[in-house]
Amino acid sequence: MEPQKQADKGKGGRPKKDSRKRKTKIITIKCSVYEKQVIQGKANALGYSVSKFLVTIAMNRQVDSPATKQLRVPQSVLLELNGHLGPIGNNLNQLVRYWHTRAQVFTSEDRNKVRDLAEGLWKIVKQLQDYLQ
């Protein structure tokens, strides 16, 4: 009867969690007394521990980077700006067409200026498109 007891020993109890779900790492933060009270109050209001509350917020919320905070331009303003860039591009295209038909009028310095202007305009349009998408 004794050998059977030893075989049964250690089989009971709660099964171990998957290693990916096991929480073994500790993060320490510093905050003011007021910030601590606010965090604890919000956690208590939700019925969470402070640890669960902070992990839930960190895993589920997206925080704006300093670059995004710096550029808070309404989309309507950007769309209007994009609308103004179209006619500028058309004027630039007409200038290039004129350049191709009457090449002797333009100096190499003029050509470089037009090329730089076109490249700069194209970069602005691409940045606007990327931001709006």
Subject >> Within-4.5 Å side-chain heavy-atom neighbours: L54 and I29 >> reply: yes

Original post:
Can you find a heavy atom in the side chain of K113 that is under 4.5 Å from one in the side chain of L117?
Top reply: no

Subject >> Exceeds 12 heavy-atom contacts within 6.0 angstrom, atom CZ of R97 >> reply: no

Would you compute the distance between atom [atom1] of [X] and atom [atom2] of [Y] and round it to the nearest 0.5 angstrom?
| X | Y | atom1 | atom2 | value |
| --- | --- | --- | --- | --- |
| N90 | L85 | CG | CG | 11.0 Å |
| K52 | K23 | NZ | NZ | 7.5 Å |
| I39 | N44 | CD1 | CG | 12.0 Å |

Subject >> E35 side chain vs S32 backbone, donor-acceptor pair below 3.5 Å >> reply: yes

**OP:** Please report the closest heavy-atom contact between S49 and A43, naming both atoms and the distance.
**Re:** O-CB, 3.9 Å

For the hydrophobic clusters of this structure (ILVMFWY residues joined by side-chain heavy atoms under 4.5 Å, transitively), does one cluster hold both [X] and [Y]?
| X | Y | value |
| --- | --- | --- |
| I124 | I88 | yes |
| I57 | I27 | yes |
| L46 | V50 | yes |

